[in-house]
Amino acid sequence: MENPSRLFVTLRFKALLPLVGVLIVGIFFFAGVTLSVKESAREEVIMVAAAGAGAIFAVVVVVLATLIQRPLVELQEKIARVREGDLTVAVSFADRQDEMGDLGRNFNDTVRQLRESREEIQLLHRTQMSKAEHLATLGELAAGLAHEIRNPLAGIAGVIDVIGRDLPESSGGRQVLQEVKREVVHIERALSDLLAYARPRPQQILLADLNVTATLAVELARQQIMSRPIRVEIEECPNLPLVEHDPAQIEQVLLNLLLNAIQATPGPGRVMVSLGFQNGSALIGVKDEGQGIRAEHLANLFHPFFSTKKKGTGLGLSLAKSIVDAHGGRIEVTSVLGKGTEFSLCLPLRKPTTQAAALVNG
């Protein structure tokens, strides 16, 4: 919006142009008359010319006060009300068909857009508060559910180990017990994801070696492969500076990505973890040679409870994104059907403040 004082000068000058022209013509006219009359009548003519000039000046003052000064005073009052938070104001001169009317219409449109934006923000805030309350309820439910399920689940795992030790080496039941044990581990992991999503623990930020964090995640993932013909490899970055991060949380993110990659690779294949350093950020890539993800599913991968797997909870990737976001970083995914998927993590070397992290991800 143009500066009101500058606009005032412009409009005043434009409004004065025709009146000044009339005044100049009048002065020349009366000057000519003065030269043509007798000496005795010159004083009378000069008096008439001065009275005409005074009348024109008075008209100019009235025009300026009516057409320009009053609207600008009203505009100044309305701007002050907007500054105080009143977005219901509107100027009354917006229907004029001149530059002042254009100014009024622009002002009213700006206030209307501000009002609509504030209403959208308030609606978003109410929605977020509702989600927060929902998550709090989910946290209480998840805690109770985990307590009720984990205890008998631990008992089942113990019984499976006892039975497995009593079975002969040649017994076919050993293979069945291994499958049951894998299902128990799957349930345990689902409970852990639910608890971590509903009740995230406070971050414990350390200045640590990200290579070590990634290596630990790879070692845990290798233990889950069993006898499957899949290789989990890691390519460290020797010159990577120390990174401020929560090692346990980032390890959890990488382990989740690695287990997903292993599950997406049905036959012989390789899952590769690579670390790098670029533009002041640490980079981690997790790439598999699996089935790939359909393009229409990529946009929803990080949404809570969305899963492309029949037995998936849809919480793992959502939790991973929330952890990476809390570190001030970002996580992205690319995939080609039949060729594989790659997740890319970018973490700042120094964890930004809460406000700075919001700007980075916002």
Side-chain angles (χ1 to χ4, degrees), residues 185-186 188-197 200 203 208-226 228 230-237 240 243 245-266 269-276 281-294 297-337 339-348 361:
V185 172
H186 176 76
E188 176 69 23
R189 181 186 171 197
L191 285 174
S192 298
D193 286 347
L194 181 61
L195 275 175
Y197 181 79
Q203 286 186 332
D209 189 347
L210 197 60
N211 289 300
V212 175
T213 302
T215 300
L216 291 175
V218 168
E219 292 298 332
L220 289 174
R222 286 171 176 166
Q223 296 176 14
Q224 303 294 324
I225 295 178
M226 303 294 183
R228 297 183 61 185
I230 300 175
R231 305 190 316 276
V232 180
E233 301 176 359
I234 181 170
E235 182 180 339
E236 298 183 5
C237 179
L240 178 63
V243 180
H245 67 288
D246 185 325
Q249 287 190 344
I250 297 301
E251 180 184 319
Q252 180 182 4
V253 170
L254 295 177
L255 179 59
N256 188 289
L257 296 178
L258 287 168
L259 294 180
N260 285 345
I262 292 170
Q263 293 175 5
T265 307
R270 183 182 70 159
V271 177
M272 186 68 188
V273 178
S274 59
L275 291 96
S281 297
L283 307 177
I284 310 176
V286 179
K287 185 176 182 180
D288 66 58
E289 300 173 350
Q291 300 171 340
I293 304 171
R294 295 184 179 277
H297 292 159
L298 291 177
N300 299 318
L301 276 185
F302 299 106
H303 291 178
F305 305 107
F306 176 84
S307 177
T308 59
K309 297 179 292 186
K310 293 182 179 180
K311 295 183 179 181
T313 62
L315 291 175
L317 290 178
S318 176
L319 177 61
K321 185 178 186 306
S322 65
I323 291 175
V324 173
D325 289 346
H327 279 74
R330 65 180 184 273
I331 180 171
E332 300 172 349
V333 57
T334 57
S335 185
V336 179
L337 277 179
K339 293 187 177 180
T341 302
E342 181 173 8
F343 285 87
S344 301
L345 282 70
C346 179
L347 298 175
N361 295 288

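Note that these values count all heavy atoms, side chains included, but never hydrogens, waters or copies made by symmetry. Note that this is a predicted model, so its numbers are computed, not measured.
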Looking only at heavy atoms, what is the nearest atom pair of [X] and [Y], with distance?
X      : Y      : result
Leu298 : Ser335 : CD2-CB, 4.1 Å
Ala217 : Leu258 : O-CD1, 3.7 Å
Ser281 : Pro348 : OG-CA, 4.3 Å
Gly276 : Leu240 : O-CD1, 3.6 Å
Val243 : Ala282 : CG2-CB, 3.9 Å

Checking the side chain of Arg270 only, and the main-chain atoms of Glu233 only, is there a donor and an acceptor separated by less than 3.5 Å? no
Hey, does the side chain of Thr334 reach the backbone of Thr341 with a donor-acceptor pair shorter than 3.5 angstrom? no
Can you tell me how far [atom2] of [Y] sits from [atom1] of [X], rounded to the nearest 0.5 angstrom?
X      : Y      : atom1 : atom2 : result
Glu235 : Lys287 : CD    : NZ    : 11.5 Å
Thr215 : Leu220 : OG1   : CG    : 11.0 Å
Ile234 : Ser274 : CD1   : OG    : 9.0 Å
Asn300 : Ser318 : CG    : OG    : 12.0 Å
Ile230 : Thr265 : CD1   : OG1   : 5.0 Å
Glu332 : Ser344 : CD    : OG    : 6.5 Å

In a check of side chain to side chain contact (heavy atoms under 4.5 Å, CB included) between [X] and each of [options], which one passes?
X      : options                        : answer
Asp246 : Glu251, Gln252, His327         : His327
Leu345 : Val253, Ile323, Leu275, Leu283 : Val253
Phe343 : Ile284, Asp288, Leu317         : Leu317

